[in-house]
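Taking it in order: structure first as structure tokens, then the write-up.
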Amino acid sequence: MITFSGKPVSAGIGFGKVWIYDKGGMAVKRRHIADAEEEIKRYEQARALATAELESLYYKATREIGEAEAQIFSIHKMMLEDIDYNESVENIIAKQMINAETAVLQTAETFSKMFSEMEDAYMQARAADVVDISDRIIRILSGEATQNIGDGEKNLIIFAEDLAPSETLQMDKTKITAFVTSRGSSASHTAILARSLSIPAVIGLHREIGKELDGKPAVVDGYTGVVYVEPTREVIEELTEKKRKKDMQKELLAELKSKPTETLDGRKIRLYANIGSSGDLGAAVLNDAEGIGLFRSEFLYLESKDFPSEDVQFEAYKTVAEGMGDKLVIIRTMDIGADKKIDYFGLPEEENPAMGMRAIRICLDRRDIFKTQLRAILRASAFGNVAIMLPMIVSRDEIIRAKEVISEAKEELLAANIPFSQEISLGIMIETPAAVMISDILAKEVDFFSIGTNDLSQYMLACDRQNEKVAEFIDPHHEAILRSIEMVIENGHKAGIWVGICGEMGADEMLIPRFLKMGIDEFSVAPSQVLTVRKVVRKSRS
Amino acid sequence: MKEFTYKICDELGIHARPAGLLVKKAGEFSSETIMYNGEKSADMKRIFALMSLGVKQGDTIRVTVSGADEDEACAELESFLKNNL
């Protein structure tokens, strides 16, 4: 197996065999001519043919990929009409008495150099356009036909040094499963064309593509930018599975996007996404999440070397709040401790960190850190529909004390005339057996519950999540967990608040129907699982 | 001769697409149309020259128009720049 690594510019996975695209036949022979006028006439004829080709390419591209992307061919046509370009070609023919092919080549070199020496990357990439139009004329002048993909061929992975947009477009795309080029930029038209045709593409391998690869089986991962020639069975299996999952996701998306998350008997369920940083927002939106049910704020603390400032936090929360528009964004205050240790917190070593200083316990001990985060969340609430969620609650007193800090933060902002939403709602995670047992009491203090099934399983079943030896005892279908969830839902509803699940169990297809029977109001799952959950909900009864 | 100045708002500057459209527009008139960017200048009927000015967002360009239809050409080019760049 040979592995190449480049830049992924069009997502997808393509299996097939290598087809080396060789521009061939473009070697230009310098030749002296006797009659300059005749040679210029020959050039003019070739230019007229090239213009006609570009016109038909423009219409083909408009049909296949849309007018905006097709514009490039109308620009190429204008370039062929450029007075300076044509004068240069004609002058070289007349003064040096050489053939039109050589004159075009020399002109192309001068003009492409002009672009490649410009400062910005976009203009530098335009050198490729000059080469493309010049190659077109040279090909016509030398009477060559374009290289076409052979009859009966299919599932080809096109390997080339670089591909001009017209070359990409002229190929029969039904025979192509991926593009791989050793040069190229993501701003290149080939990358744009590949994306609009949904054909995976990897560019910039910065390695020679040897002729000996021709015809060999290969697979292209357009997500990671890795190209495998003669892949091992493991690679094939892994990528087949990855492709299956991605394809399924795409089908789900096509089938379920913007459909309501509603049971067969018409009960609407809130279907939210869990995100670990503002970078996951795109995935949540793309998968049609109806809100963010769990925004883990720890990333801000884990990524920095010292406590993240209020402004840094505010920007991150605001990005997500704005990105979701009027949809709910539940920000969980930091859950540091247990397996997430941070040096600058200066926490002492603990014998049993899962049961040690963690999450809300640190927050109520270090109110300054907590208040900074709360102020940032409150400020972000002015830019969207934000809620606060407290982790690791075991007593009513913790909620009361946390509320005091929230009130202080609100008063400070009010005094400083900084806007925030007065109606910001407050919820808690139910992830300890204690919280389950007193959920009737806790429900009176908050606006919603979200059951964190991962930690709840750990604490309920007395199994350390970090300890592999006890992994087998963590049974998510354990009756103790299911009864706990049922009890929490019941107690929540008695107090008139909604109850959701934000742990991994929320995406368990076997359990979703049971949770719906219990009366669950919300699921918050990984962005990639949102549509699967929607599918199951739409087939179930509550 | 008529002239005007304009500050480019488009984030990509005068890239290939608007350059092509500008050339087309300038080609509709018989007047000579020149664009100046700093010390460089280019005939607006020539796409390579126009692109080589490397006009970026924030650059202030000057356009001069001279010829029989300069009034109309100047007005149309100015409104084209305002609408597209």
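Residue numbers begin at 1 in each chain, while the letters A, B, ... track the order of the sequences.
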At what distance, to the nearest 0.5 angstrom, does [atom1] of [X] lie from [atom2] of [Y]?
X     : Y     : atom1 : atom2 : result
B/L21 : A/Q71 : CG    : CD    : 6.0 Å
B/R17 : A/M78 : CZ    : CE    : 10.0 Å
B/K24 : A/I75 : NZ    : CD1   : 9.5 Å

query: At a heavy-atom separation under 4.5 Å, does A/M114 approach chain B through its side chain, its backbone, both, or neither?
result: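 Side chain of A/M114 only, per the 4.5 Å heavy-atom cut-off to chain B.
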
- request: Go through the atoms of A/E87 and report whether side chain, backbone, both or neither lie under 4.5 Å from a heavy atom of chain B.
  value: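 Side chain of A/E87 only, per the 4.5 Å heavy-atom cut-off to chain B.
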
field: Exercise: identify the closest heavy-atom pair between A/D82 and B/I47
entry: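 Between these two residues, the closest heavy atoms are OD1-N, 2.9 Å.
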
field: Residue-level contacts of residues 48-75 of chain B with chain A, using a heavy-atom cutoff under 4.5 Å
entry: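 Residues of residues 48-75 of chain B touching chain A at under 4.5 Å: B/F48, B/A49, B/M51, B/S52, B/G54, B/K56.
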
message: Using a 6.0 Å cut-off, check whether atom CD of B/E32 has over 12 heavy atoms from anything other than its own residue.
response: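 No, because the 6.0 Å sphere around CD of B/E32 holds 12 heavy atoms or fewer from other groups.
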
query: Counting heavy atoms not belonging to A/Y59, are there more than 12 under 6.0 Å from its OH?
result: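 No, because the 6.0 Å sphere around OH of A/Y59 holds 12 heavy atoms or fewer from other groups.
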
